[in-house]
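Along the sequence shown, residues carry numbers from 1. Only heavy atoms go into these numbers, but all of them, side chains included; no hydrogens, no water, no symmetry mates.
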Amino acid sequence: MLKTINTRRSVRKFRSTPVSDEDIHDLLEAAMNAPSAVNEQAWQFVVMSAKVLDDFLSINGNTPKSAPVAILVCQDLPAEKANGYSVQDCAAATQNILLAAHAKGLSAVWTTIFPHNVKAVQSLLNIPENVQPFSCVPIGYSAEGEKNTASRFSEKKVHRQSW
Ligand SMILES: Cc1cc2nc3c(=O)[nH]c(=O)nc-3n(C[C@H](O)[C@H](O)[C@H](O)COP(=O)(O)O)c2cc1C
């Protein structure tokens, strides 16, 4: 587990090799097993492949283009029991997708939708107004070389007992 966490790195170039439905299922399951505020699970997911992903990429330029599939993580605002916490739920779900992908030998990157591109994505994918696109995680087999996985641990970032 620690090796998976500490060697995960963002990948933005992918081979055309498809990702299996079973793998996508496992990533979604990992996302839905993330912690959430009062266990509200205030998330929804849209799986995008091929044509839909092409259209999506044309309106969301900060998501890289070559992935065969992507998972859009959305805040389910009506499901919130703790006001304003769906952002944190969705962040935890997004991180679980990244870690599960890496554990399976897949690669991925967290790309931003919220707060800048919410309306355009809702409109393209017919997402209701109270379901807010949060992040987009393109997933595939890496076409990048070896990543730098040197540890970023820094004692300077750690404060003990008080600042
Ligand atoms: C909230 C958040 C938003 C991010 N948005 C983008 C993005 O829009 N596009 C992108 O290519 N990477 C994005 N990233 C990935 C970061 O650039 C990346 O995690 C960071 O450079 C550290 O590299 P690493 O993931 O390889 O450890 C985002 C990451 C986070 C946590």
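The heavy-atom pair separating Phe56 from Cys136 by the smallest distance is CE2-SG, 3.5 Å. Arg9 approaches Arg152 most closely through the heavy-atom pair NE-NH2, 3.6 Å. The two residues Val52 and Met48 make their nearest non-hydrogen contact at CG1-CG, 3.8 Å. Closest non-hydrogen pair, Arg12 versus Pro64, comes out as O-CB, 3.2 Å. Nearest heavy atom pair, residue Glu80 against residue Ser86, reads OE2-OG, 2.6 Å. Scanning both residues, His102 and Thr4, for their nearest heavy atoms gives CD2-O, 3.1 Å.
In terms of modelled atom types and a separation under 3.5 Å, the side chain of Asn60 and the main chain of Asn117 share no donor-acceptor contact. A donor-acceptor pair under 3.5 Å links the side-chain atoms of Gln122 to the main chain of Val131, judged by distance alone. Gln44 places no side-chain N or O within donor-acceptor distance of the main-chain N or O of Cys74, the cut-off being under 3.5 Å. Side-chain atoms of Asp23 never come within 3.5 Å of backbone atoms of Val19 as a donor-acceptor pair (strictly under, hydrogens ignored).
Between Arg160 and Glu155 a salt bridge is recorded (basic side-chain N to carboxylate O distance below 4.0 Å).
You'll find the side chain of Val46 stays beyond 4.5 Å of the side chain of Ile71, heavy atoms only. For the pair Ser151/Asn6, no side-chain contact is recorded, criterion being any heavy-atom separation below 4.5 Å from C-beta on.
The aromatic rings of Phe45 and Trp43 sit tilted, their planes meeting at an angle between 30° and 60°.
Other residues, nucleotides and ligands place no more than 12 heavy atoms under 6.0 Å from the OH atom of Tyr85. A 6.0 Å sphere centred on CG of Asn62 holds more than 12 heavy atoms belonging to other residues, nucleotides or ligands.
Gln75 contributes atom CD, which lies 5.0 Å from atom CZ of Phe114 (distance to the nearest 0.5 angstrom). Taking CZ of Phe14 as the reference point, atom NZ of Lys65 lies at 13.0 Å (rounded to 0.5 Å). Atom NZ of residue Lys147 and atom OG of residue Ser107 lie 8.5 Å apart, to the nearest 0.5 angstrom. Separating the OG atom in Ser142 from the NZ atom in Lys13 is a distance of 9.5 Å, to the nearest 0.5 Å. With rounding to the nearest 0.5 angstrom, the NZ atom of Lys81 is 14.0 Å from the CG atom of Asn83. Between the CE atom in Met32 and the CG atom in Leu28 there is a gap of 5.0 Å [rounded to 0.5 Å].
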Donor-acceptor pairs under 3.5 Å, side chain of residues 90-99 to any protein atom, not counting sequence neighbours: which ones?
unit_1: Thr94; atom_1: OG1; unit_2: Cys90; atom_2: O; d: 2.7
unit_1: Thr94; atom_1: OG1; unit_2: Ser135; atom_2: OG; d: 2.9
unit_1: Asn96; atom_1: ND2; unit_2: Ala30; atom_2: O; d: 2.8

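Checked options Ile113, Val137, Thr63; the residue passing with Leu72 is Ile113 (criterion: side-chain contact (heavy atoms from CB on, under 4.5 Å)). Results of the side-chain contact (heavy atoms from CB on, under 4.5 Å) test with Gln132 over Val87, Leu77, Ile127, Val121 single out Leu77 as the only residue that passes.
Between the side chains of Ser36 and Gln41, no donor-acceptor pair is found at a separation under 3.5 Å.
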Should Ile59 and Leu124 be marked as a side-chain contact (heavy atoms from CB on, under 4.5 Å) after you check the CA-CA gap, both sets of side-chain angles, and the distance that decides it?
-> CA-CA 9 Å; Ile59 63 157; Leu124 178 78; 4.0 Å; yes
CA sep, side-chain torsions, deciding dist, call: Lys104, Glu22, salt bridge (charged side-chain N to carboxylate O under 4.0 Å, His left out) = CA-CA 11 Å; Lys104 284 178 145 289; Glu22 191 192 348; 5.7 Å; no
Might you work through the side-chain contact (heavy atoms from CB on, under 4.5 Å) test for Val69 and Leu53, ending with a clear yes or no?
-> CA-CA 7 Å; Val69 63; Leu53 190 50; 5.5 Å; no
